[in-house]
Amino acid sequence: MTMREFCSIHNLDHGNLSKMERGLLPPPRTTEKISVLAVAVGLKPETPEWQDFVDRAYASRGEIPPDLATEEAIVNRLPVLFRSLRGGPVTEEEVRLLMQLIRNS
């Protein structure tokens, strides 16, 4: 199936999808619009694959998914993650708390 056929079947804009595919246009801004694309490619809502698709769309925009951005405990621990990724000093307690948050989410 061509991209034009795919877009026609799923009521998507061929030009925008082509630009997204080539990295010229970021993914949609909202989870609802990202979900339309996820379903169009055959992902079932609320599955790990669907969530991964949504998370990657937000990450490629340089954004935190809204469901995580509203979790104060997670947002407050993001600097620990950032320091860790940059190789900066992170206390053992900060790592433990971050891991606990990750496991509980």
Side-chain angles (χ1 to χ4, degrees):
M1 168 183 314
T2 67
M3 184 183 294
R4 286 186 190 273
E5 291 169 332
F6 177 83
C7 289
S8 178
I9 290 168
H10 297 286
N11 198 27
L12 299 170
D13 182 271
H14 170 266
N16 285 343
L17 192 60
S18 176
K19 288 176 187 173
M20 275 189 272
E21 182 181 54
R22 293 179 287 141
L24 301 175
L25 186 69
R29 284 198 173 274
T30 67
T31 300
E32 293 76 24
K33 289 183 180 182
I34 295 167
S35 295
V36 168
L37 292 175
V39 169
V41 297
L43 300 176
K44 292 183 171 120
E46 307 306 322
T47 61
E49 294 80 13
W50 179 87
Q51 189 63 61
D52 185 60
F53 186 89
V54 172
D55 289 346
R56 287 175 185 269
Y58 277 100
S60 72
R61 292 184 66 80
E63 298 175 4
I64 299 169
D67 61 319
L68 297 178
T70 59
E71 291 289 330
E72 187 177 347
I74 292 173
V75 172
N76 288 341
R77 295 291 173 209
L78 286 176
V80 175
L81 174 62
F82 301 152
R83 282 196 309 272
S84 177
L85 293 172
R86 290 185 182 112
V90 179
T91 68
E92 207 172 303
E93 176 65 12
E94 288 175 321
V95 172
R96 186 186 65 72
L97 287 171
L98 181 61
M99 293 305 294
Q100 183 179 9
L101 282 170
I102 291 168
R103 285 187 186 118
N104 293 335
S105 61

Please check if the number of heavy atoms outside E72 that lie under 6.0 Å from its CD is greater than 12. no
Hydrophobic clustering (ILVMFWY, side-chain heavy atoms < 4.5 Å, transitive) - are F53 and L68 grouped together? no
Side chain proximity check, L97 to E94, heavy atoms < 4.5 angstrom: no
Of the non-hydrogen atoms in L17 and L12, which two are nearest, and what is the gap between them? CD2-CD1, 4.5 Å
Taking CD in E92 as the centre, count heavy atoms belonging to other residues, nucleotides or ligands within less than 6.0 Å. Is the count above 12? no
With sequence neighbours left out, what residues match E49 under salt bridge (Lys or Arg N to Asp or Glu O under 4.0 Å)? none
Does atom CZ (R61) have a neighbourhood of more than 12 heavy atoms from anything else shown, all under 6.0 Å? yes
Mind jotting down which residue pairs meet the ring-ring contact (aromatic ring centres under 6.0 Å, His included) criterion with at least one end in residues 2-48? Sequence neighbours excluded, please. F6-H10
Positive for side chain to side chain contact (heavy atoms under 4.5 Å, CB included) with P28, one of L37, N16, V36: L37
From L24 atom CG to S18 atom OG, the distance as rounded to the nearest 0.5 Å: 8.0 Å
Surrounding CZ of R96 (heavy atoms of other residues, nucleotides or ligands, distance under 6.0 Å), is the total greater than 12? yes
If you count every heavy atom of other residues, nucleotides or ligands that lies below 6.0 Å from D13 atom CG, does the total exceed 12? yes
Separation of I34 CD1 from D55 CG (nearest 0.5 Å): 9.0 Å
L43 and D52, any side-chain heavy atoms less than 4.5 Å apart: no
Side-chain donor or acceptor of Y58 paired with backbone N/O of T31 under 3.5 Å: yes
Taking all atoms of both residues into account, what is the closest heavy-atom pair of D67 and T70, and its distance? O-OG1, 3.4 Å
Note: V39 and P45 closest approach over all heavy atoms is CG2-CG, 4.1 Å
Heavy-atom pair of closest approach, residues S60 and P27: OG-CG, 3.1 Å
Summary of salt bridge (Lys or Arg N to Asp or Glu O under 4.0 Å) pairs that have at least one residue in residues 21-38, sequence neighbours excluded: R29-E63
